[in-house]
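Only one structure is covered here, and it is reproduced in the block below.
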There are 2 protein chains.
Amino acid sequence: MTDALEQEPQAHDPIEQQSFEQQLRSSGLQVTAQRLAIMQAVTDGPHATAEELTEIVRDKIGSISRQAVYDTLGALADKRLIRRIQPTGSPARFEDRVGDNHHHLVCRGCSLIFDIDCAVGTTPCLTADDDHGFEIDEAEVVYWGRCPDCRT
Amino acid sequence: MTDALEQEPQAHDPIEQQSFEQQLRSSGLQVTAQRLAIMQAVTDGPHATAEELTEIVRDKIGSISRQAVYDTLGALADKRLIRRIQPTGSPARFEDRVGDNHHHLVCRGCSLIFDIDCAVGTTPCLTADDDHGFEIDEAEVVYWGRCPDCRT
DNA sequence: CAGAACTTCTGGACTCAGTCAAGAGTTTGA
DNA sequence: TCAAACTCTTGACTGAGTCCAGAAGTTCTG
């Protein structure tokens with residue numbers, strides 16, 4: 001949880017491809033070129049929108065339909081292989097860091113998004129004061145502010 | 001922080017109307033019947049969507065345009081008289097509890113939303129580990145889970 | 001390695017939340 | 001009271017995301 005952020009795009013990598021394939025299979029999803037390309041794109045471009053991911057995938061494998069991108073992103077998010085975040089006023093964005101309880105810092109001016117490690121330890125934010133009988137599985141934290149550029 | 005939630009709708013109340021008017025004036029906004037009705041509606045129906053608020057206001061004052069509702073909600077949120085929240089997969093929702101650093105508990109099944117007081121004290125969540133030079137003004141926390149009804 | 005069964009992809013139409021623009025109407029402050 | 005400034009209405013529009021049905025691809029069984 002205090003690991004480095006690993007935000008830099010990662011090179012196309014056979015070992016990673018392999019791992020993507022294993023992730024798909026062990027989640028009961030079929031393995032297709034489109035899905036592998038989408039997973040690679042999410043890893044390469046963290047916080048990208050569905051549209052941006054579509055662009056990236058088209059550059060990589062030639063063509064893909066919008067529907068296939070939405071279907072795949074939805075399926076991957078369902079299986080918790082990727083995470084969907086949706087700041088107010090912005091289309092949904094996707095990232096591959098899952099299960100490490102990190103949060104996001106969003107600029108009110110330019111919508112720039114940064115990852116932030118949890119300030120208060122391991123999974124403190126999962127401890128709600130009164131859970132109303134809910135079975136809580138995730139706490140999503142978004143910090144709002146202005147980035148250095150937009151403060152001027 | 002262990003107070004009751006005060007989520008039950010409040011009756012139409014001249015004293016509250018008065019206060020709405022003062023809030024508008026001191027924020028430099030003009031006072032109109034539409035705006036008062038919208039503020040009342042946000043108070044009466046916490047976590048309502050723009051569309052639901054439009055319905056409530058129409059019941060109250062006869063008619064209002066969708067645009068007026070969006071303009072007013074935007075202006076009120078700008079002035080921090082109300083707060084806009086937008087859980088993933090749901091249209092924007094509005095509430096009148098501002099400035100008390102409370103959070104939200106959302107059901108993945110039925111989208112039911114509860115208010116939750118901050119678990120960790122006053123404004124702990126405004127303390128990000130690394131602020132990347134941002135000027136942070138708000139931390140938004142959403143707990144995701146399943147309500148008692150949807151767990152079955 | 002074939003064929004069947006199942007899953008995924010494509011393309012197009014569609015829905016829904018929200019925005020833009022221009023003109024009419026209302027509120028405010030001198 | 002009157003002009004300036006602000007707000008509301010109407011209607012068209014945008015952009016993200018969904019629905020549908022048929023075509024194509026993948027996996028399983030023998």
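Every heavy atom of this structure was used, including side-chain atoms; hydrogens, water molecules and symmetry mates were not. The chains referred to below are lettered A, B, ... by the order of the sequence lines, with proteins before strands, and numbering in each begins at 1.
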Kindly write out the residues that satisfy side-chain contact (heavy atoms from CB on, under 4.5 Å) with [X], not counting sequence neighbours, or none if the list is empty.
X       : answer
A:Ser90 : A:Pro87, A:Arg93
B:Arg66 : B:Tyr70
A:Ala75 : A:Leu29

Tell me: [atom1] of [X] to [atom2] of [N], nearest whole Å?
X       : N      : atom1 : atom2 : answer
A:Asp78 : D:dT18 : CG    : P     : 11 Å
A:Glu51 : D:dT18 : CD    : P     : 14 Å
B:Ile38 : D:dC8  : CD1   : P     : 7 Å

For A:Glu140, which residues count as a side-chain hydrogen bond (donor to acceptor under 3.5 Å, both in side chains) partner, sequence neighbours excluded?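 Listed in chain order: B:Trp144.
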Please enumerate all residues that pass side-chain hydrogen bond (donor to acceptor under 3.5 Å, both in side chains) together with A:Asp71, with sequence neighbours excluded. A:Gln67
What I'd like to find out is whether the side chain of [X] reaches to under 4.5 Å of the side chain of [Y], using heavy atoms alone.
X        : Y       : answer
A:Val31  : A:Leu36 : yes
A:Val57  : A:Val69 : no
B:Val142 : B:Ile85 : no
A:Thr72  : A:Gln34 : no

Where along nucleotides 25-30 of chain D does protein come under 4.0 Å, by heavy atom, of base (B) or sugar-phosphate alone (S), with - for untouched nucleotides? -SS---
All salt bridge (charged side-chain N to carboxylate O under 4.0 Å, His left out) counterparts of [X], not counting sequence neighbours:
X        : result
B:Glu135 : A:Arg151
A:Arg83  : A:Glu95, A:Glu138
A:Arg25  : A:Glu21

By nearest-nucleotide position on DNA chain C, the 5'-leaning member of B:Pro91 and A:Arg35 is A:Arg35
Hey, which sits more toward the 5' end of DNA chain C by its nearest nucleotide, B:Gln86 or A:Ser65? A:Ser65
Angle between ring planes, A:His47 versus A:His104, binned at 30° and 60°: parallel, tilted or perpendicular?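 Taking A:His104 first and then A:His47, their aromatic rings stand perpendicular (interplane angle over 60°).
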First and last nucleotide of DNA chain C in contact with chain A, 5' to 3', at under 4.0 Å to a heavy atom: what are they?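 Endpoints of the contacted stretch of DNA chain C: C:dT7 to C:dA13.
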Note down the inter-axis angle between the two ends of the helix from C:dC1-D:dG30 to C:dA30-D:dT1, five pairs each, to the nearest 10°.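 Computed from the C1' atoms at both ends, the axes differ by 40°.
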What residues from residues 66-75 of chain B pass a heavy-atom cutoff of under 4.0 Å to DNA chain C? B:Arg66, B:Gln67, B:Tyr70
